[in-house]
Amino acid sequence: MTPPVPSGSWPRAPWVRRLRLPTQPLARHLVLALCGAAILYAVTSSLSPYNDFEVGEIALYVIALAGLSLLTGLNGQISLGHGAFMAVGAYSAALLMTHTHLNLLIELVAAIGAAGLLGLVIGIPATRLKGPYLAGMTLLLALALPPIADKWSTTFGGDQGLTTTVPSAPGSINPEEWLAWIQIVGALITLVLLANLLRSRYGRSFRAVRDDEIAASLAGIHVARTKVIAFVISAACAGLAGAFLGLSTGVVNTGEFPLTLSIQLLAAMVLGGTGTLMGMWWGAVLLVYLPQWSTSLSGDFNLGSGASAYLATIIFGVVLIVVMIAAPTGIQGGLRWAWRRVWSLRSGPGDGTPTVSRHPA
Amino acid sequence: MSLFVNVTLNGLANGMIFAALALALVLIFRATRIVNFAQGAMGMMTTFIASSLLGRGVGYWWAFLAVLVIGFVLGALVERVLIRPLQGKSELNPVIVTIGLLVVLEGLAGTIYGNSSRGFPAAYSQSGLTVGHTKIAFSHFDVFILVAVLVLMTGTLVLFRATSLGLRMRASAFAGEISRLLGVRVGVLLTLGWALAGVAGSLSGLLVAPTSSFGPYFMDLVLVYAFTAAVIGGLESPVGALIGGLITGLSISYVGGYLGSGLQPLGALVLLMVALMARPEGIFARPPARRV
Amino acid sequence: MSAPSTLSERDGRTLRVDELRVGFGGVVALDRISMSATQGEIVGVIGPNGAGKTTLFNVICGFVRADSGVITYDGSSLLEHHHAHDLTELGIARTLQGVGLFAGLSVLENVMIGAQNGLRSDFGSAMLGLWRSSREERRLASRAGELLEELGVSAYARHFPATLPYSIQKRTALARALIAQPSLLLLDEPASGLSNDEMDELGTLIRGLSPRMGVLLVEHHMDLVMAVCDRIVVLNFGQVIADGTPESVQSNPEVATAYLGDEVHDSVTTSGMSENA
Amino acid sequence: MLEIQGLSVSYGAVDALKSVTLSARPGAITAILGANGAGKTTLLRTISGLVKPRAGAVRFDGDELLGRAAEDIARLGVSHVPEGRGVIAELTVEDNLRLATLWCMGRRERQKAIEATFELFPRLSGFRRRHASTLSGGERQMLVLGRALISRPRLLLLDEPSLGLAPLVTAQLMALLRDHTQGTDLTVVLVEQNARSALSVSQDAVVLNLGEVVMSDEAAVIAADSGLRHHYLGF
């Protein structure tokens, strides 16, 4: 990925200047998360149960995409196999649900841990690999893991898969909204934690290693360790997302985690804006709604039911190609650019106001 | 014992196919430092075209030939339209573009030809040969695979070693800038490398299709096996691709024969990881000089 | 930048290179060279292209393995189990040829990177965004800011390096090395790409470092080397051909020959090429 | 005749060449001297089309070179020997030579040219089928020089041919260059750090400093000027 185009001057709207966010990372990100939570609460409580279900799905994809964005955009490591980490998370949580009666929280932590562990196993050799090699290895990972569940079908439920159970909703809240909220809270917590991390020395080390490994090591950064940490965090995020996906679908089977999922995650991440966290909301919205739009689109053009299943795939593929050749900053980058344009037009040319460092969160 | 013999023979035939696709990856990688993850999907697409031609009554060998030519053109087209604009950008960009091409081609194939897997004819009988009184898991078609891939490999080696075109191609792959200073049109030769890779990829598609569930995704696994093969072979040399192909083919054939076919991709993953841990740039590759 | 309080403890740290030999394939890059640099001393390493200067730096930093010989810093060996990322803990910092800045980090962040090894807060507190972590971050940022101020580039703290004039980038790279308060600084062609005026300023800057740290300076601009160095080591074909004060190096005819070469007399013919090459 | 006017080149924020004007005449060697980083290599790379300049003009025998692709400039008869002995290490000695002739010669003529090169450098003829990677530094320099001359160029650009060579080999190389240029219409631009040996075989010389031409005269005049030593050694 080309490093983000330096922003130069980024004038802010006057009201933004007045509305100061706290500078302490936790406080700052909590405020943002609470604002997000308030908006999402308003959204979910006004929507139908089915739409709530979709909002929950968006939230879970945000988790996976944020992890991927950190890995690829900020640390320069590519993964074509994030679906595999989601599968590990989903199966781990589902196995615990089938065989034990633990708290959902513990099941989620187990999913995060299991996926993180696989991230460690893959991440250690990955430290020695350059782009194409790592891409090939993770591509193979995405194809290699799902058949294992078919091989030991008594444990993993074979084609039927494992069923998951959502904890019953308190009070009169409908189950879809309750699940959506579990997933939204998970997403917001993940984003807050990642945003904190990226504003610390770890975030700086990730980017430094991405830009120049030799200079990073001379600055005292343990390059290999930094890359493994990024990989584990990213895999752990995918694990949590996988566990949530299992909750959404109600059943975990290998059909949920084809290679296409991994590639769609990559496409959504690239389109949202590689290396950003907030841009992942755009990517997740696309992941959830693009298949629906393409179905209705192919209906409009009478392409037949066979075509509709593939139209979304084609669009994702075209998006990957076009974004890479024409606009490597994705939607979030495009919005930032447009925002800057609007305000630099307002404040007039030659406005040399202090520039603002572009934080990734 | 007979299981071992059959599994070995099967691995040999598969290994040759992986070698053909690995050769395609090598041709591109050594000239442009790009792994074309869409190589398998390009082979898938051309095989579907072959299937259409056969459906319209074109003779098998005419279709075979036509598809190799189409593979050549497709390879050149991809290089010119999609890869050339990425020159000078980060090494992750081509990875993502070729992945994008992979899903576009699979989506197109699914849209045009449907998802259900269909049959694809083999050039020769697929029933096992009889040696003495026992039937072995090696058919006339497997012999054809062996011969076809060996012809491809030999052709590539002759091209590289014995022709001035091959000399230009090697020179521009090893030292693009110096070659340009010697009047070599490096840009054209890079396109030619992609085009030849397209031929090798098409051939592998034609050889895989009869023995697999021929559909939009039938080359996915073949591609990652070929990638494993190419990496073991060092991603630089055609001979390495052949050796890597055989190692990979045999390994996953043994995994499939003794542990179950579902574990074959995992076997390949372990093989790839071991190979990469041992020598991150491939077993047969020269160690890279460190630049500071 | 304020002088480190522990100066007296660190006083007299010495880099010693003893009989160091490095070969690439059949080519000998460094042929049993010996030299030293002590804290407070500015030592220039010069020589024509390909003499082995950068190789020497790369061995010290652990990027290139030595065939034989010894390198110690302050008594501890730099050759065994040694990685580049351990250098900062030993008090050694290095700038790279060109600038070696991180394109995706602002100037301020580029400088902060140089000293973040010394931070105490752990992964957990960073992820939770606790005060412990953020307070340390703020202190580091203000230290980096002060250093940029001293080097006269604080106006660019929030810019990204690629958009800035080369001399600003060079200063940022220097600041990144200095913020770790090294006792030995390796400067690899700090003056390349600078104008004459900028080079003079750089010279003053380097001189100002000398009581606090030892400086090893690889540089092609002789005016600068002669003006700032206490001692100069001259390499040619991987060997030390001179080691002494600028004056002694200037009057050494071997040094002039290394740079300017010998005249080709009319008697030299090409027929000898086949035997002697 | 090579004529360069007002040539300026920048790499990002760095000005590598600042309005450089110079010329080189046929049948003579023009030495380009200067300390490392003076812009010598950039100058050659711009002439041969590897670097796009910001401004200026480069004309060779009336043809404007700027804006042409490097391979097209090579086909105009410009041979550029890049820094660091640009042999293609993976090819054999003979293939290295053959590669340079592919665009300009037929099979028979090519074989003759290769034999002629081996006569010029008898030492190489024993290594025909050896990979160039096995050659010593001096042998590699012979190979690149032979490869540059085999296509009978009209303009030869040499970038630090003496780099890393023992003084005697350097002297022989320079003498060969001198003998090869005299009485022909070959234009040679010789970039060197090794100033004394370069000047002793050159007719003209240009000294660059920080991307600017600071001296430009006959080689003998510059050799006698104490300013040269100053530009190199600072004293």
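To find a chain, count down the sequence lines: A is the first, B the second, and so on, and within it residues start at 1.
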Worksheet item: Between the side chains of B:R84 and B:T191, is a donor N or O closer than 3.5 angstrom to an acceptor N or O?
Response: yes
Worksheet item: Which bit of A:I263 is near chain B, if near means a heavy-atom gap under 4.5 Å: side chain, backbone, both or neither?
Response: side chain
Worksheet entry | chain B contact via A:I315 - side chain, backbone, both or neither, heavy atoms under 4.5 Å | neither
Discussion item. For A:L143, which atoms come within 4.5 Å of any heavy atom of chain B: side chain, backbone, both, or neither?
Written reply: both
Worksheet item: B:T98 versus chain A, heavy atoms under 4.5 Å apart: side chain, backbone, both or neither?
Response: neither
Worksheet item: With a 4.5 angstrom heavy-atom cut-off, which part of B:L259 approaches chain A: side chain, backbone, both or neither?
Response: backbone
Worksheet item: When you check the gap from the basic side-chain N to the acidic O, do B:R33 and B:E236 get nearer than 4.0 Å?
Response: yes
Item to complete: With side chain to side chain donor-acceptor pair (under 3.5 Å) as the test, would you mind laying out the steps for A:H222 and A:S217 before giving the verdict?
Response: CA-CA 6 Å; A:H222 197 305; A:S217 67; over 6 Å; no
Discussion item. Before you tell me yes or no, could you show the steps for A:I321 and B:L82 under side chain to side chain contact (heavy atoms under 4.5 Å, CB included), namely the whole-Å CA-CA distance, both residues' side-chain angles and the distance that decides it to 0.1 Å?
Written reply: CA-CA 8 Å; A:I321 295 171; B:L82 299 182; 3.6 Å; yes
Item to complete: Considering only heavy atoms and a distance below 4.5 Å, find which of B:L269, B:L272, B:V35 pairs most often with chain A.
Response: B:L269
Worksheet item: Non-hydrogen atoms of chain A under 4.5 Å away: do they reach the side chain of B:L86, the backbone, both or neither?
Response: side chain
Worksheet item: Measuring heavy-atom distances to chain B, does A:A135 have an atom under 4.5 Å in its side chain, in its backbone, in both, or in neither?
Response: both
Practice prompt. Could you tell me which portion of B:L102 (side chain, backbone, both or neither) has an atom closer than 4.5 angstrom to a non-hydrogen atom of chain A?
Written response: side chain
Fill in: Proximal component of B:Q264, with respect to chain A [non-hydrogen, under 4.5 Å]
neither
Discussion item. Measuring from atom CG of A:L139 to atom CD1 of B:I99, what distance do you get when rounded to the nearest 0.5 angstrom?
Written reply: 5.0 Å
Item to complete: Tell me, please, which residues at least two apart from A:W152 pass ring pair (Phe, Tyr, Trp, His ring centres under 6.0 Å).
Response: none
Could you pull out all donor-acceptor pairs under 3.5 Å where a side-chain atom in residues 247-254 of chain B meets a protein atom, sequence neighbours excluded?
unit_1: B:T248; atom_1: OG1; unit_2: B:G244; atom_2: O; d: 2.7
unit_1: B:S251; atom_1: OG; unit_2: B:I247; atom_2: O; d: 2.6
unit_1: B:S253; atom_1: OG; unit_2: B:V7; atom_2: O; d: 2.7
unit_1: B:S253; atom_1: OG; unit_2: B:G11; atom_2: N; d: 3.3
unit_1: B:Y254; atom_1: OH; unit_2: B:T8; atom_2: OG1; d: 2.9

